[in-house]
Undergrad: 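Got a structure for you, written out below as structure tokens; questions coming shortly.
Small disclaimer: the values here were computed from a predicted structure and weren't measured. By convention here, the first residue in the shown sequence is residue 1.
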Amino acid sequence: MQRRSNEIEEEEEQEDGRRRLESVRESQLEGRSSGTVSMNGEDNVYVGVGKGDSSMEALRWAIDNLMTSSSTLLFLIHVFPETRFIPYPLGRITRERASQEQVESFMSQEREKRRTLLLKFLHACSASKEQVKVETLLVESDSVAKAVQDLITILNIKKLVLGIDKSNARKATTMKGNSVPELIMRSSAADVCEVKVICQGKEINMEQTMMESSPAKSPIVQRQKKDQPVDPFACICFISKPKTNR
């Protein structure tokens, strides 16, 4: 997971002047915010956001159900892929072969796209009835699930909300899906963080779904069995097969 230190700042004021949208920042992640708020804290709520509609559904659910205190902070996590290629008129070239001007032009365009995307979620927070205090975390990584898992460890995240579409939620019942919520639920990160998975505006029990689909192979069940205390006085019985006379 790579980290970036450049910043994109955008502040807009509502017509009535009551609240301002927080800055959209691409900041270096060292377990603390680029602003004045603390990223650590059990009351903080983290929501993964992206281009899919399920991200907005997850955000709205989090605002309605988890933002119960004025001291609760909301963090939007957006993971974007590493830039390895730069487009040009005849196709694309590797970043190393592109000129500095080409790289800077392309990176500027990509930052603008991310800013535009995140402003939708910031506007949703600003328009909510709750007085939501929101910050953004932008991480450059080719693996969204791995990046989020790393953040859970680095920032000691205790409450995470992720959206999932109906198609991927259905795949989770067969243990064949590879959606971000499913990958995180299979990992050890789910042991230390409460993960809420939202589909079409409603919470679904992803853990139960995965256990019911394949209880013998489910890593969740395996972790539970591993954590169970061993009884040193447990009786181990051997049943021998009866001998038959030939």
Undergrad: Has Asp53 got more than 12 heavy atoms of other residues, nucleotides or ligands less than 6.0 Å from its CG?
TA: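 No, the 6.0 Å shell around CG holds no more than 12 heavy atoms from other groups.
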
Undergrad: So, do Leu66 and Thr72 sit near enough that their side-chain heavy atoms are less than 4.5 Å apart?
TA: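 No, their side chains stay 4.5 Å or more apart.
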
Undergrad: In the structure I gave you, are the side-chain heavy atoms of Arg111 and Arg115 within less than 4.5 Å of one another anywhere?
TA: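 No, every pair of side-chain atoms sits at 4.5 Å or beyond.
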
Undergrad: Knowing that exactly one of Leu155, Leu151, Leu76 qualifies, which makes a side-chain contact (heavy atoms from CB on, under 4.5 Å) with Tyr46?
TA: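 Exactly one option meets the side-chain contact (heavy atoms from CB on, under 4.5 Å) with Tyr46, and it is Leu155.
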
Undergrad: Tell me, do Met67 and Val45 make a side-chain contact under 4.5 Å, heavy atoms counted?
TA: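 When only atoms from C-beta onward are counted, Val45 and Met67 do touch, with a gap below 4.5 Å.
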
Undergrad: Give me the atom names and distance for the closest heavy-atom approach of Glu82 to Asp142.
TA: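 Scanning both residues, the minimum pair turns out to be N-OD1, 3.1 Å.
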
Undergrad: Return yes if some donor-acceptor pair links the side-chain N/O of Ser105 with the main-chain N/O of Gln102 below 3.5 Å, else return no.
TA: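 No; zero donor-acceptor contacts below 3.5 Å.
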
Undergrad: Report the distance from atom CE of Met185 to atom CG of Asn205, rounding to the nearest 0.5 Å.
TA: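 Taking CE in Met185 and CG in Asn205, the distance rounds to 7.5 Å.
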
Undergrad: Say you draw a straight line from CZ of Arg97 to CD1 of Ile86; how long is it, rounded to the nearest 0.5 Å?
TA: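 Rounded to the nearest 0.5 Å, the CZ-CD1 separation comes out at 12.5 Å.
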
Undergrad: Are Asn44 and Lys159 side-chain neighbours, meaning at least one heavy-atom pair lies under 4.5 Å?
TA: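 SC-SC contact between Asn44 and Lys159 ruled out.
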
Undergrad: Could you grab the distance from atom CG of Asp165 to atom CD1 of Ile198, nearest 0.5 Å is fine?
TA: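 Between Asp165 CG and Ile198 CD1, I get 13.5 Å after rounding to 0.5 Å.
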
Undergrad: For Ser54, enumerate each residue passing the side chain to side chain contact (heavy atoms under 4.5 Å, CB included) test, keeping only those at least two apart in sequence or located in another chain.
TA: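 Here the qualifying residues are Glu57.
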
